[in-house]
Amino acid sequence: MSNQGEHSKRKLFTDFEGAFEGRLARVIPVAANYTSEWSGSAARYDCRIKIRYNKELMAQLEEGMLLAVKNFRGQSKKAAKEGIERYTVMVISKVWPLHYGLGGVSDSHYFPLQMEIIEQSVPDWSTDDQATMMVHMTAIPINYDLVIDKKGEIAFKKGFSYPLVGEKAYVIDMETVDLIYNDKVKKAIGFLKKTSVADPKKDPRVGVLRMFMESEQEVPIYVDLAKLVRYHFGVFSFTGGGKSNLLSNLFRRILYHDKDTKLVIFDISCEYPFLLSDVFMDPKIPSVIVLEDEAKTSDHFARSIVKPRDFEEDDKANEILKQIHGIKDKVTFYNRPLTQVPTYGSLLQEMRGIRTDSSSRPTYVQAMDAIMDFVASFIEKAGKSEHDEIDDDFIDPLDSTARQAMETFQVHDKSAVFAWATTRSTLKGVLARAQKAKRSGVTIKDLMKKLSGPERVVCISIADPDTLRDLVIKLTSAALRYRKRSFEIKPQILFVFDEAQEFIPSNASGHLGQCSAAVERLLRQGRKYGLGGAIATQRIAYLNTNIMQQLHTFFVGTLPRPYDRTVVSSSFQIDLSILDKTLEFPPGSWLMSSYIATGLDSVPVFVKADNSEDVLKEHIESVVRKTG
């Protein structure tokens with residue numbers, strides 16, 4: 001090894017002050033399992049590293065750390081000519097110590113002898129006796145090579161290179177890990193500060209890496225916020241795992257550090273008015289909260305909002321919500337019309353039913369086809385969608401067309417078809433009754449206007465799933481249709497579906513199926529028009545898999561059910577041995593990976609997210625100080 005090579009190692013790798021000395025012992029090819037759609041993906045190779053025992057080392061080694069081992073590409077003539085070194089990069093998946101004496105204990109041995117040997121091994125762990133103890137480690141290649149040129153500059157090349165069995169294994173140090181994950185991303189988002197803090201207004205970081213946890217220093221982790229929004233992301237964890245906490249933190253980073261992004265939150269749990277209370281009180285961020293029913297008093301509003309456990313009995317938290325209610329035009333409610341105005345789609349569905357009932361009469365079928373052709377033509381010419389409500393300009397031509405069809409195809413005047421077709425003018429009465437209804441609150445048209453208005457956050461906190469699904473269908477369709485016509489991609493709009501199983505279940509039908517189809521259409525087409533989606537749920541296995549395939553970034557917390565983990569593994573090509581590590585995670589810790597928004601594409605990393613509740617506590621205290 002050249003002096004230059006040794007110098008580069010000292011800068012890029014750490015041996016934990018001489019405690020780490022390990023070598024690659026085996027590389028085991030792993031056969032892919034294609035026996036089931038949900039069998040989960042597996043890494044192509046399982047690498048085994050053996051390390052000299054050191055008691056301090058066992059306290060510092062963490063799953064998720066990155067290793068580097070020299071590979072065969074670094075042995076080539078080209079590499080020698082250019083003076084470069086190449087290392088296969090891998091992520092630690094398991095670490096465990098072995099004791100030589102304990103390895104010889106068998107269940108068939110005399111019981112007192114077993115207990116004696118086990119008891120005598122305890123003092124050994126507090127020594128550094130490398131004659132009787134060793135550390136074993138498994139690691140999975142991440143399909144990147146670390147390349148060091150003759151000047152000591154580093155680069156990462158995508159692709160797998162077979163490592164040299166028997167070569168030294170090196171732990172990549174904190175500074176290099178920071179460079180790997182954050183350098184490219186920080187340049188993309190224009191954040192070039194060297195120091196990092198948890199304050200979302202000052203720093204767009206997601207959190208810190210769950211490696212080197214015993215060190216006094218932290219390695220922050222950043223994502224490209226614009227790509228995170230535009231190419232969709234998902235958050236998956238069991239109830240209580242911190243999904244809403246993580247989402248609210250991500251929302252703050254997006255709002256404070258990506259000025260061209262708006263949020264539309266479909267909040268079926270009615271928790272985001274409090275989780276984002278600091279945002280709703282910020283005069284620099286125009287926002288609105290839409291409730292299911294009118295909150296006539298501030299007390300009513302405070303009681304209707306769900307708060308985290310630590311804030312449920314906090315009078316200060318209720319006071320914050322009361323102040324939000326007092327801000328002019330901040331809190332409103334959805335004015336769902338008492339008289340339901342038909343949409344073009346519901347009218348077509350009604351006509352299809354009549355056509356089916358008249359299938360034994362060919363002329364009746366032809367008459368209905370003529371009317372349906374008119375409706376489809378009107379929708380296209382007027383630039384409407386099937387989800388739009390009909391209007392006055394449509395009713396007279398519909399009535400005229402329907403009556404003409406009855407005459408042309410000689411439909412009997414005593415038939416149900418004739419009765420339906422000659423009463424279309426009554427739809428004017430439906431429109432009139434709807435227009436006379438109470439006009440306070442916001443209608444669906446008002447909400448559609450807010451998508452292109454000044455509001456940066458539209459939080460729709462409605463507990464009734466049917467009402468919320470109806471809004472999902474109409475708002476996502478309106479946003480797509482408008483962007484397609486206007487050819488605009490800014491501002492970006494992120495549609496958030498918390499408790500996603502209520503909106504995009506698999507194999508859904510009826511109104512729920514329409515909602516799932518609308519979200520799928522948004523995620524399939526939206527990124528071309530600056531429309532993104534965020535999906536959060538505790539049961540990923542119940543979701544529409546076509547939608548899951550559209551997500552480019554994901555955060556996985558603890559998923560106790562093996563089936564859910566295999567779905568994640570299959571959908572996002574993450575090895576199950578890596579996913580199993582999430583079972584040990586406390587709330588707030590995540591496995592994060594992205595095809596496009598992180599420094600290394602498709603490389604999983606363990607993250608400890610910043611705590612949103614810390615921001616809320618600080619905000620509440622600052623408001624109390626000002627008003628006290």
Side-chain angles (χ1 to χ4, degrees), residues 8 11-14 62-68 86-92 139-149 152-161 170-198 203-213 215 217-235 246 249-250 253-254 257-258 551-556 572-575 578 589-610:
S8 68
K11 291 195 300 181
L12 301 176
F13 306 132
T14 178
E62 288 269 352
E63 287 97 338
M65 286 182 173
L66 296 181
L67 300 178
R86 290 185 75 117
Y87 296 81
T88 298
V89 181
M90 50 192 77
V91 59
I92 299 174
I140 298 171
I142 64 172
N143 298 322
Y144 274 90
D145 274 6
L146 169 63
V147 181
I148 308 173
D149 66 17
E153 300 294 327
I154 68 170
F156 285 85
K157 303 293 184 182
K158 194 169 180 63
F160 172 76
S161 299
Y170 299 95
V171 178
I172 300 179
D173 71 6
M174 294 177 67
E175 291 185 7
T176 309
V177 168
D178 189 8
L179 179 69
I180 292 170
Y181 283 111
N182 295 322
D183 189 60
K184 182 174 72 172
V185 174
K186 289 173 72 173
K187 289 178 181 176
I189 62 179
F191 183 80
L192 302 178
K193 293 182 180 179
K194 298 295 184 182
T195 57
S196 177
V197 294
D203 196 326
R205 77 181 197 183
V206 173
V208 297
L209 294 179
R210 279 185 58 90
M211 60 177 79
F212 305 104
M213 295 295 285
S215 171
Q217 294 180 308
E218 294 179 332
V219 179
I221 184 70
Y222 296 85
V223 297
D224 189 322
L225 297 173
K227 291 180 178 178
L228 179 74
V229 171
R230 188 169 182 178
Y231 292 93
H232 322 310
F233 67 93
V235 177
L246 173 64
N249 247 329
L250 290 173
R253 268 66 182 182
I254 291 168
H257 299 279
D258 188 358
L551 306 179
H552 282 60
T553 304
F554 61 93
F555 300 82
V556 182
F572 304 114
Q573 299 301 298
I574 296 297
D575 192 79
I578 297 293
S589 291
W590 304 88
L591 184 149
M592 181 184 76
S593 186
S594 177
Y595 298 125
I596 196 167
T598 53
L600 288 182
D601 299 341
S602 306
V603 175
V605 59
F606 299 136
V607 176
K608 182 179 182 293
D610 292 326

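- Side-chain contact between S196 and Y222 is present, with at least one heavy-atom pair separated by less than 4.5 Å.
- Note that OG of S593 and CD1 of I142 are 10.0 Å apart. Values are rounded to the nearest 0.5 Å.
- Remark: side-chain polar atoms of T14 are not paired, donor with acceptor, to backbone N or O of D173 under 3.5 angstrom.
- Shown here is K186, whose NZ atom has more than 12 heavy atoms of other residues, nucleotides or ligands within 6.0 Å.
- Side-chain contact between V147 and Y87: absent, with no pair of heavy atoms (C-beta onward) separated by less than 4.5 Å.
- The ring pair (Phe, Tyr, Trp, His ring centres under 6.0 Å) check on F233 picks up nothing, with sequence neighbours excluded.
- Nearest heavy-atom pair, V171 versus M65, reported as atom, atom and distance to 0.1 Å: CG1-SD, 4.3 Å.
- Taking both residues in full, the closest heavy atoms of V223 and V185 are given as C-CG1, 3.3 Å, listed atom of the first, atom of the second, then distance.
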M211 vs V177, side chain to side chain contact (heavy atoms under 4.5 Å, CB included): CA-CA, chis, key distance, verdict: CA-CA 10 Å; M211 60 177 79; V177 168; 3.9 Å; yes
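- Between V235 and F554, every side-chain heavy-atom pair lies at or beyond the 4.5 Å cut-off.
- Between L66 and the choices Y181, F13, Y144, the side-chain contact (heavy atoms from CB on, under 4.5 Å) rule is met once, by Y181.
- The distance from the NZ atom of K158 to the CG atom of D601 is 6.0 Å, given to the nearest 0.5 Å.
- Using a 4.5 Å heavy-atom threshold, the side chains of V89 and I172 count as touching.
- Between the side chain of H552 and the backbone N or O of Y231 there is at least one donor-acceptor pair closer than 3.5 Å.
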Which is it for I221 and V208 under the side chain to side chain contact (heavy atoms under 4.5 Å, CB included) test, yes or no, and what are the steps along the way? CA-CA 5 Å; I221 184 70; V208 297; 5.9 Å; no
Before you tell me yes or no, could you show the steps for L179 and I154 under side chain to side chain contact (heavy atoms under 4.5 Å, CB included), namely the whole-Å CA-CA distance, both residues' side-chain angles and the distance that decides it to 0.1 Å? CA-CA 10 Å; L179 179 69; I154 68 170; 3.4 Å; yes
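- When all heavy atoms of A597 and L228 are compared, the closest pair comes out as CB-N, 4.1 Å.
- Here D178 contributes atom CG and N182 contributes atom CG; the two are 4.5 Å apart, rounded to the nearest 0.5 Å.
- Panel note: side chain D203, backbone V197; a donor-acceptor pair is recorded below 3.5 Å.
- Here the side chains of V607 and L591 are not in contact, with every heavy-atom distance at 4.5 Å or above.
- The pair D145-R86 counts as a salt bridge, with a side-chain nitrogen and a carboxylate oxygen less than 4.0 angstrom apart.
- With salt bridges taken as basic N to acidic carboxylate O contacts below 4.0 Å, one links R205 and D610.
- Distance check: L146 CG to T176 OG1 gives 8.0 Å after rounding to the nearest 0.5 Å.
- F606 places a side-chain heavy atom less than 4.5 Å from the side chain of E63.
- No side-chain heavy atom of T553 sits under 4.5 Å from any side-chain heavy atom of T598.
- In terms of heavy atoms, I596 sits closest to S594 at N-OG, 3.0 Å.
- Counting all heavy atoms, side chain and backbone alike, L209 lies closest to P220 at CG-O, 4.4 Å.
- In this structure, the separation between CD1 on I180 and CG on L600 is 6.0 Å, given to the nearest 0.5 Å.
- Pairs engaging residues 217-232 under the salt bridge (Lys or Arg N to Asp or Glu O under 4.0 Å) rule: none recorded [sequence neighbours left out].
- Taking each heavy atom of P204 and L225 in turn, the nearest pair found is CB-CD1, 4.3 Å.
- F555 places a side-chain heavy atom less than 4.5 Å from the side chain of V206.
- Atom NZ of K187 has 12 or fewer neighbouring heavy atoms from other residues, nucleotides or ligands inside a 6.0 Å radius.
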